[in-house]
Amino acid sequence: MSFEELMKMAKRRGFFWPSFETYGGLAGFYDYGPLGRALKKKIEDLWRSCFIREGAIEIETPTINPEEVFHASGHLREFKDLMVRCSACGESLKADQIEDATCPVCGGSLEKEGEKFNLMFKTQIGAREGGREGYMRPETAQGIFINFPNLYRINREKLPMTVIQLGKGYRNEISPRQGMIRLREFTMAEAEIFLDPEDEDYHEIEEKMELKLLRRGGDAVEVKLKSSPEMAGGMMMAHHLQLAQKFLTELGIPESVIRFREHEEEELAHYASCCWDCEVYTEKYGWVEVAGIADRGTYDLEAHIKESGVDFTALRKFGEVRKVKRRAVLANTELIARDFQAVNGIKKALGEMDADLLKSVKDRGGKVKIEVDGKGFEIGPRYFDVLDIEDEASTERFVPKVVEPSYGIDRILLMVLAHSYSKEGDRWVLKLPPKIAPVTLAIFPLIKRDGLDTEGKRVYEEMSAKLSSLGLICKYDESGSIGKRYARADEVGTPYCVTIDHQTLEDGTVTVRDRDSTTQTRVKEENLCDRILERSW
RNA sequence: GCGGCCGUAGUCUAGUCUGGUUACGACCCAGCCCUCCCAAGGCUGAAGCCCGGGUUCAAAUCCCGGCGGCCGCACCA
C-alpha cells in the first residue's frame with residue numbers, strides 16, 4: 001500500500017480530493033466526498049462519545065472572533081514577528097533579533113523588505129467604518145475559555161469540568177505540503193479540562209494499558225502509567241494519554257504505530273508548560289502528530305482576566321472552616337486628613353497597592369508616591385499600617401488550571417485509511433472497523449434476472465429504511481458480475497454484503513458475506529438487521 | 001517565500017526533443033447482452049492537452065508570463 005495509491009482511491013471512490021480544482025487548485029484545502037464525509041462524521045461521533053461518556057459537555061462557538069480574544073490569548077503578539085531573509089546564505093531571521101542590516105550568521109546583506117508571518121486569517125467584521133477587526137480562529141479552545149463563567153455555572157459549579165468543541169480551525173500556512181497533513185482549514189476536536197490544581201487525582205489510570213513514551217531528549221520506552229503518572233505530567237495528563245490511545249485503537253490504528261512524544265522546551269507553544277504529542281507512524285510521512293495533550297496551566301484564564309477584567313475564578317470549598325492568613329493595608333485616616341485632605345483618594349490608592357510591597361516600604365521607612373486627581377502625594381510610613389490578619393473561611397476563589405487534549409480529525413482520518421487499506425492478492429480491502437465504515441451494508445442480486453433483482457430491490461428498500469434511521473448507509477448494486485460488486489464493496493470498506501440468490505425465493509434466507517474473511521453465512525431475512533447491527537452500531 | 005522538476009479524460013499513460021489526418025492505449029464509470037458467488041467475456045457510450053499571450057499557414061508540441069502540484073531549504077505559534 002502506498003500513499004499515492006491511497007490518495008487515488010480516495011479521489012476515485014469519493015473520500016476526498018483537493019479543493020478548487022475547477023479554478024486551478026489551491027494548496028491546503030480539501031473537499032470531502034460522500035464516503036469521506038460519512039467516515040469523518042463517524043470518527044467525530046466516536047471521539048465525542050469518548051468524552052461524553054466521562055461527563056464532558058459540548059458547546060459550539062463562532063469561527064470568527066474579534067481581535068480582543070487573540071490579543072488576550074497571545075496569538076496576535078506571537079504572529080507579529082517580522083521575518084527577514086539573508087540574500088547571501090538564505091537564513092531566515094526574526095527582525096527583532098537584528099541590530100544592523102547584516103546577517104549575524106554569515107555577515108551578508110539582508111533583504112530590505114521583511115515578511116509578516118501572521119498565521120491567522122484576518123477579516124473585517126461589519127461596515128468598514130466603525131467595523132471591528134476579526135480573525136479566523138486558529139484553535140477552538142478560546143471559544144471555551146472565554147465562556148468559562150457561563151460554563152462553570154451551567155456545570156453547577158463543579159470541577160473538574162470537561163468542555164469539548166468540534167469545529168473548523170484556520171491557519172494561513174506559509175506553504176502547506178503533504179496533502180492532507182497540513183491544511184489551512186481543518187477540523188479540530190478539542191477538550192478543555194478545568195481542574196483544581198490542588199486536587200488532581202480524579203481519574204483511575206488503567207493498569208493494564210501500556211503506552212510508548214518518548215521523553216525529552218530520550219529514547220522511547222514502554223510504560224504503564226499506573227505506577228508513575230508523573231512521567232506524563234500528572235494524573236489528568238496520564239489519563240488523557242491513555243484515552244488518546246484507546247480512541248485511536250478503536251478506530252483500527254494498531255498500538256504498534258502509536259507513540260507519545262514530549263515537546264522539547266523550545267518547541268512548546270507560548271501557553272503550554274508541558275505537552276505530549278500523540279503520533280502515528282506511516283512509511284510515507286514517518287511519525288505524524290495527530291493529537292496534542294497540553295498542560296496550559298492557568299495561562300488562558302489569567303490572560304482573559306487581565307484583558308477583560310471579568311472574574312474567571314472557581315470556588316474551592318474546604319469542607320471545614322479554615323484560618324486564612326491575609327495581609328491588609330490599613331490607612332491612618334486621621335493623620336492623612338490632617339496632612340493631605342484627600343483622604344478617600346489616598347485610602348483607595350493604598351488599598352489597591354500590593355500589600356507585600358507596602359510592607360517592605362514601611363519596614364525600610366520609605367515613602368510611597370501616590371497620584372490623586374492629578375495631584376501627587378508622598379506618603380510616609382506613619383500614614384499606614386500593614387497588618388497580618390487571620391480570617392476564618394470555608395471557601396476561597398482560585399483560577400482553575402487547564403489540561404487540553406486537542407485532536408486533528410483530518411489527519412486521524414488519513415491515518416485510519418492508511419492503516420486499514422490493504423491488498424489481498426488482487427483485491428484492495430479497506431478493513432475499517434464496521435462501526436466507522438461509511439457504507440455499512442451492500443445488497444446484490446446474484447444475477448439480474450429470475451426475479452432476483454426485484455427481490456433484491458425490495459430487501460434493499462427495507463434495510464435502507466431501517467439503517468438510515470440510525471445514520472447508517474446501505475447500497476444496492478446489480479451492475480457487472482457478483483465478483484466485481486464484492487470487489488467494489490471491499491475497496492470502500494463495506495463490512496457486509498448481502499446476496500439474494502435462488503434459495504432466497506424458496507425459503508426467505510439470504511447470504512451475508514464478511515469483508516475480511518470473505519466467508520458467507522446464511523441468515524433468515526427477518527434476522528438480517530440485528531445481525532448487521534451487532535458490530536456496526 | 002527561494003531553488004529544482006513537472007502539468008494530456010475520474011486514474012495511469014503514448015505523443016512534446018524533430019510543430020502537420022479525427023490526440024494512442026488501459027483502468028474506472030454508464031447502458032445493453034451474458035453470468036447460480038468473489039474485478040470472466042461481448043457490444044455501445046461518456047469523458048482530456050492547466051490558463052493567458054506570442055511565434056507560425058498551422059501549437060499538446062517552440063517562446064514568455066501566470067496559476068497549480070511534487071521534492072529540497074525555510075516555516076509549522
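Proteins come first, then strands; the chains are lettered A, B, ... in the order of their sequence lines, and each starts at number 1.
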For A/Glu60, does the CD atom have more than 12 heavy-atom neighbours from other residues, nucleotides or ligands under 6.0 Å away? no
Taking the cut-offs as 6.0 angstrom to the six-membered ring centre and 45 degrees off its axis, would you call A/Arg259 and A/Trp287 a cation-pi pair? yes
Any cation-pi pair here, A/Arg296 with A/Tyr271, using under 6.0 Å and within 45°? yes
Rounded to the nearest Å, what distance is computed from the [atom1] atom of residue [X] to the [atom2] atom of nucleotide [N]?
| X | N | atom1 | atom2 | result |
| --- | --- | --- | --- | --- |
| A/Phe70 | B/A77 | CZ | C1' | 13 Å |
| A/Arg485 | B/C29 | CZ | P | 12 Å |
| A/Arg488 | B/A39 | CZ | C1' | 9 Å |
| A/Asp453 | B/C32 | CG | P | 11 Å |
| A/Glu21 | B/C67 | CD | C1' | 14 Å |
| A/Lys11 | B/G10 | NZ | C1' | 7 Å |
| A/Asn172 | B/G1 | CG | C1' | 13 Å |
| A/Lys448 | B/U35 | NZ | C1' | 10 Å |

side-chain hydrogen bond (donor to acceptor under 3.5 Å, both in side chains) for A/Arg531 and A/Thr521? Distances and angles first, verdict last. CA-CA 11 Å; A/Arg531 176 58 177 271; A/Thr521 48; 3.1 Å; yes
Counting the atoms with a prime plus P, OP1 and OP2 as sugar-phosphate, which does A/Leu452 contact under 4.0 Å by heavy atoms, base, sugar-phosphate, or nothing? nothing
Contact class for A/Ile500 vs. all strands (heavy atom < 4.0 Å): base, sugar-phosphate, or nothing? nothing
Is the backbone of A/Pro438 close enough, under 3.5 Å, to the side chain of A/Arg37 for a donor and an acceptor to pair up by distance? no
Provide the distance between the two [atom1] atoms, one in [N] and one in [M], to the nearest whole Å.
| N | M | atom1 | result |
| --- | --- | --- | --- |
| B/U11 | B/G48 | C1' | 12 Å |
| B/C64 | B/U55 | P | 15 Å |
| B/A58 | B/G53 | P | 15 Å |
| B/A60 | B/U16 | P | 14 Å |
| B/G72 | B/C27 | C1' | 33 Å |
| B/A46 | B/G7 | P | 28 Å |
| B/C2 | B/G45 | P | 49 Å |
| B/C57 | B/C17 | C1' | 23 Å |

The single option from A/Val288, A/Ile258, A/Ile412 passing side-chain contact (heavy atoms from CB on, under 4.5 Å) against A/Cys278: A/Ile258
Nearest to the side chain of [X] - [options]?
| X | options | value |
| --- | --- | --- |
| A/Arg171 | B/A77, B/A39, B/C71 | B/A77 |
| A/Lys484 | B/A39, B/U35, B/G68 | B/A39 |
| A/Leu119 | B/A77, B/G68, B/G1 | B/A77 |
| A/Arg513 | B/C38, B/C71, B/A40 | B/C38 |
| A/Pro138 | B/C75, B/G68, B/A77 | B/A77 |

Do you see a donor-acceptor pair shorter than 3.5 Å between the side chains of A/Tyr486 and A/Thr499? yes
Quick one: do the A/Thr494 and A/Lys475 side chains pair a donor with an acceptor below 3.5 Å? no
Please compare A/Leu26 and A/Arg411 by the position of their nearest nucleotide in RNA chain B and report the one closer to 5'. A/Leu26
RNA chain B nearest-nucleotide lookup for A/Arg13 and A/Ala269: closer to the 5′ end is A/Arg13
Does [X] get its side chain close enough to the base of [N], under 3.5 Å, for a donor-acceptor pair?
| X | N | value |
| --- | --- | --- |
| A/Gln503 | B/C36 | no |
| A/Asp450 | B/C36 | no |
| A/Arg12 | B/C27 | no |
| A/Tyr486 | B/C37 | yes |

Can you see if the side chain of [X] gets near the phosphate of [N] - specifically, an N or O under 4.0 Å from OP1 or OP2?
| X | N | answer |
| --- | --- | --- |
| A/Arg427 | B/C38 | no |
| A/Ser481 | B/A40 | yes |
| A/Arg449 | B/C34 | no |

Please work out the stems of RNA chain B from pairs that are Watson-Crick or G-U wobble with both distances under 3.5 Å, keeping only runs of three or more consecutive pairs. B:1-7 with B:67-73, B:10-12 with B:25-27, B:29-33 with B:41-45, B:50-54 with B:62-66
Do the ring centers of A/Phe51 and A/His240 come within less than 6.0 Å of each other? yes
Given the side-chain rings of A/Phe145 and A/Phe312, with only the six-membered ring counted for Trp, is the space between their centroids under 6.0 Å? no
